[in-house]
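Here is the structure we will look at, set down as structure tokens.
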Protein chains: 2
Amino acid sequence: MAPRIKDVAEAAGVSVTTVSRVLSNNGPVRDSVRRRVLEVIEQLDYRPNAAAQRLRSGDTATIGLIVSDVRNPFFTEVSRAVEDAAYAQGMRVILCNTDENPEKEAMYLRLMESERVTGVIYSPTYEAARRFDARTYAFPVVMIDRAGPAGVTDAVTLDNRDAATRLAEHLVERGYKRCAGLFGNASTTGRERHAAFVEALQQHGVSAAAEFVDPHPEAAHARVTAWLAAESDERPDAIVASNGLLLLGAYRALREHGARMPDDVALAGFDNDAWTDLVTPGVTVIAQPVYEIGKNAMQLLTQRLAEPEMSTRTLVLPGELVVRGSTGA
Amino acid sequence: MAPRIKDVAEAAGVSVTTVSRVLSNNGPVRDSVRRRVLEVIEQLDYRPNAAAQRLRSGDTATIGLIVSDVRNPFFTEVSRAVEDAAYAQGMRVILCNTDENPEKEAMYLRLMESERVTGVIYSPTYEAARRFDARTYAFPVVMIDRAGPAGVTDAVTLDNRDAATRLAEHLVERGYKRCAGLFGNASTTGRERHAAFVEALQQHGVSAAAEFVDPHPEAAHARVTAWLAAESDERPDAIVASNGLLLLGAYRALREHGARMPDDVALAGFDNDAWTDLVTPGVTVIAQPVYEIGKNAMQLLTQRLAEPEMSTRTLVLPGELVVRGSTGA
DNA sequence: ATGAAAGCGCTAACAT
DNA sequence: ATGTTAGCGCTTTCAT
């Protein structure tokens with residue numbers, strides 16, 4: 001069996017308390033004693049039992065990260081940012097993929113409770129966000145990408161209104177007249193981007209055929225295919241997608257049907273995923289500060305833990321319009 | 001405070017033992033009693049304390065997953081596969097990014113020991129793999145992508161020799177005469193692919209200028225830039241990259257220098273990452289069964305836990321050559 | 001089928 | 001500066 005703290009104490013000729021003190025660097029220990037203990041630890045290859053530490057101290061030093069799917073580049077990057085920040089503070093991360101499935105969300109939230117996590121960073125579906133009641137939980141929650149009910153938890157989001165407006169205005173400037181948009185139906189984010197997009201276009205007298213779809217490439221693909229089949233005076237001359245997954249599906253559909261960008265139809269969207277820069281022409285996007293979003297979420301969480309009663313804060317980060325060939329010369 | 005098992009027991013008028021029995025579905029409990037206990041659990045919103053369960057039972061139900069960087073699409077997919085399989089078995093996973101840094105690898109391995117993990121799935125650097133001594137660890141390890149010392153642990157890898165040979169022969173068939181290759185210097189995988197690639201080319205009398213580089217896009221970018229600057233009779237007419245990251249760097253360099261594929265220079269590599277299919281021309285790749293690799297790693301681990309003394313196994317999965325425009329019409 | 005009691009390995013009062 | 005002691009919340013013998 002692995003050595004226990006008691007074995008270390010005996011071998012070093014001190015009490016377990018003293019060993020505990022040198023482990024946590026907390027409490028007074030004579031330097032010569034500390035060295036001796038450290039030596040024994042090294043020699044026995046002692047590793048404190050994390051489960052015992054957590055049980056006894058009541059501090060699990062664990063962050064729960066609940067996202068729809070790490071394979072979405074947005075969440076891949078967020079997860080890396082959260083993990084970097086967490087490990088740097090001696091905390092661990094439990095990553096959960098919900099696949100936008102409310103049952104999985106509920107299940108993982110239960111898991112977080114069993115784990116007695118220190119805090120949770122959470123990207124809820126629209127439905128789950130609506131129902132979410134922070135008072136139910138013993139740990140603080142920071143929402144990312146999608147905000148929950150206003151003021152109920154801390155949150156880090158993109159400035160969706162601004163970004164969607166900039167995208168719309170860019171299309172107007174470039175002279176597009178029949179703009180169509182695909183928006184994720186599972187998130188507040190999709191709704192916010194939708195509202196701002198439609199509003200901005202209407203202000204400029206440009207028609208906006210915006211639709212909500214399941215947040216998967218396939219859904220976007222199907223919708224774009226249908227649009228391309230329309231009579232030419234009904235067919236959109238510009239298409240926007242509200243996240244990287246939908247943008248990918250839209251792009252694939254355009255390619256497959258031989259639609260040339262931007263001549264036959266322009267394309268733009270959210271998320272500066274790697275491929276958007278690599279294809280020809282490049283795809284105009286709103287770049288989100290992805291790593292920053294994750295990093296800031298951890299910061300909000302840390303501050304909340306330090307000061308639980310502080311009033312809730314929503315951090316709104318700016319997106320950056322990256323213009324590429326898909327929306328004009 | 002959150003209710004404890006004792007609270008549930010008292011409210012249900014039974015002993016904690018009985019509650020424990022219904023929680024674990026293990027041991028005899030009268031049906032009427034079970035229902036009553038379940039009711040109380042629901043009513044009190046009781047969640048068993050995972051740390052206490054782990055400490056007492058000695059079973060952490062935790063898998064460690066150590067990779068270089070989840071942002072590498074290969075590992076993104078592997079991590080999703082491992083998480084799916086783990087959660088399906090009621091296990092949790094701790095994900096660690098080493099950035100190919102031996103110090104981080106050592107640190108995370110220590111963390112795994114503290115966590116008393118049930119098992120580890122590990123993609124070591126070349127150096128760490130060489131030094132790795134399975135006997136040091138109380139938990140079984142399954143290596144992925146890169147194998148450790150032969151027969152020391154279970155492992156899941158690609159058939160690197162076969163894949164690299166197929167890639168080389170494809171280039172020969174297409175008539176390329178001066179093939180250059182970029183191989184990751186931090187993994188056994190890079191070495192295996194290198195050896196097979198060079199060997200296959202030489203058998204066909206084709207020159208092979210193969211080099212080892214740091215496994216980052218930037219390193220590949222720099223090397224390819226240098227190759228392009230060479231005298232035209234020295235310049236390679238085909239370039240191969242031994243993983244998705246290097247392939248991306250190589251592709252970027254070719255684009256930036258206006259090299260047309262495949263006319264000026266052909267390009268091929270490993271990993272069927274999303275962008276390789278989206279760019280024009282598409283990039284010829286060896287597609288790895290990525291999700292399968294993760295899934296199989298969990299299976300080997302599960303079997304090893306069931307039968308610790310079984311002799312070690314290496315699962316070798318075939319790659320698939322996906323021919324696209326970057327290596328010819 | 002159920003319960004009493006011991007104890008997993010550690011930390012945190014509280015002595016001294 | 002160091003040690004003694006009492007649990008943290010659970011599972012697991014061992015009785016009954």
Side-chain angles (χ1 to χ4, degrees), chain A residues 1-38 40-41 44-62 90 92 110-111 113-118 138, chain B residues 1-38 40-41 44-62 90 92 110-111 113-118 138:
Chain A
M1 276 305 289
R4 296 148 303 158
I5 196 171
K6 196 178 160 216
D7 302 318
V8 175
E10 281 167 7
V14 298
S15 73
V16 293
T17 309
T18 301
V19 178
S20 177
R21 287 199 180 103
V22 349
L23 281 175
S24 59
N25 249 324
N26 175 358
V29 180
R30 247 198 0 250
D31 231 46
S32 63
V33 175
R34 153 166 289 117
R35 266 198 303 276
R36 187 148 38 89
V37 169
L38 254 13
V40 172
I41 286 176
L44 297 186
D45 233 8
Y46 169 72
R47 304 279 184 278
N49 181 316
Q53 290 180 312
R54 293 203 261 259
L55 173 59
R56 176 57 237 230
S57 72
D59 179 10
T60 59
T62 301
R92 270 161 293 297
R110 288 180 71 105
L111 176 66
E113 298 185 302
S114 249
E115 294 286 347
R116 305 289 191 268
V117 294
T118 310
Chain B
M1 272 305 288
R4 297 147 302 158
I5 195 170
K6 195 177 160 217
D7 302 317
V8 175
E10 281 168 8
V14 298
S15 72
V16 294
T17 310
T18 300
V19 178
S20 177
R21 287 199 180 102
V22 346
L23 281 175
S24 58
N25 250 323
N26 177 356
V29 181
R30 243 191 11 243
D31 232 46
S32 63
V33 175
R34 153 166 289 116
R35 267 199 302 277
R36 187 147 38 89
V37 169
L38 254 13
V40 172
I41 287 177
L44 297 186
D45 235 8
Y46 168 72
R47 303 279 184 279
N49 182 315
Q53 290 180 313
R54 290 202 263 261
L55 173 57
R56 176 57 237 231
S57 73
D59 179 9
T60 59
T62 300
R92 169 181 74 122
R110 289 180 71 105
L111 176 68
E113 298 185 304
S114 248
E115 294 286 347
R116 305 289 192 270
V117 294
T118 309

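Every value quoted in this text rests on a predicted model; they were computed, and no experiment measured them. Residue numbers start from 1 in every chain, and the chains themselves are labelled A, B, ... in the order their sequence lines are given, proteins ahead of strands.
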With a 4.0 Å cut-off (strictly under) to non-hydrogen atoms of chain B, the first and last hit nts on DNA chain D, 5' to 3', are dG9(D) to dT12(D)
By nearest-nucleotide position on DNA chain D, the 5'-leaning member of Asp31(A) and Val16(A) is Asp31(A)
What one should report as the nearest heavy-atom pair of Pro3(A) and Leu44(A) is CG-O, 3.5 Å
* Asked: Is a side-chain donor-acceptor pair under 3.5 Å present for Arg92(A) with Thr62(A)?
  -> no
Separation between CG (Leu38(B)) and CG (Leu23(B)), nearest 0.5 Å, reads 8.5 Å
OG (Ser20(A)) and CG (Asn26(A)) are apart, to the nearest 0.5 Å, by 8.0 Å
Sorted by number, residues from residues 20-30 of chain A placing a heavy atom under 4.0 Å from DNA chain D are Arg21(A), Pro28(A), Val29(A), Arg30(A)
Axis-to-axis angle across the helix from dA1(C)-dT16(D) to dT16(C)-dA1(D), five pairs each end, nearest 10 degrees, ~ 30°
At a 4.0 Å cut-off to heavy atoms of chain B, the contacted part of DNA chain C spans dA1(C) to dG9(C)
Note: Pro48(B) and Gln53(B) closest approach over all heavy atoms is CB-NE2, 3.5 Å
Residues Ala51(B) and Arg54(A): closest non-hydrogen pair is CB-CB, 4.1 Å
Ile5(B) and Val16(B) have their tightest heavy-atom pair at CD1-O, 3.8 Å
| Which part of the nucleic acid, if any, lies within reach of Thr18(B) when heavy atoms closer than 4.0 Å are counted: base, sugar-phosphate only, or nothing? | sugar-phosphate
Residues at least two apart in sequence or cross-chain that pass side-chain contact (heavy atoms from CB on, under 4.5 Å) with Asp59(A), listed by chain then number, are Ser57(A), Ala61(A), Thr118(A)
d(Arg56(B) CZ, Asn49(B) CG) to nearest 0.5 Å is 14.5 Å
So, with a heavy-atom separation below 4.0 Å from DNA chain D, the residues of residues 44-61 of chain A are Leu55(A), Arg56(A)
Shortest non-hydrogen pair, Arg116(A) vs Thr60(A), comes out as O-OG1, 2.8 Å
Scanning both residues in full, the closest heavy-atom pair of Arg34(A) with Asn25(A) reads NH2-OD1, 3.5 Å
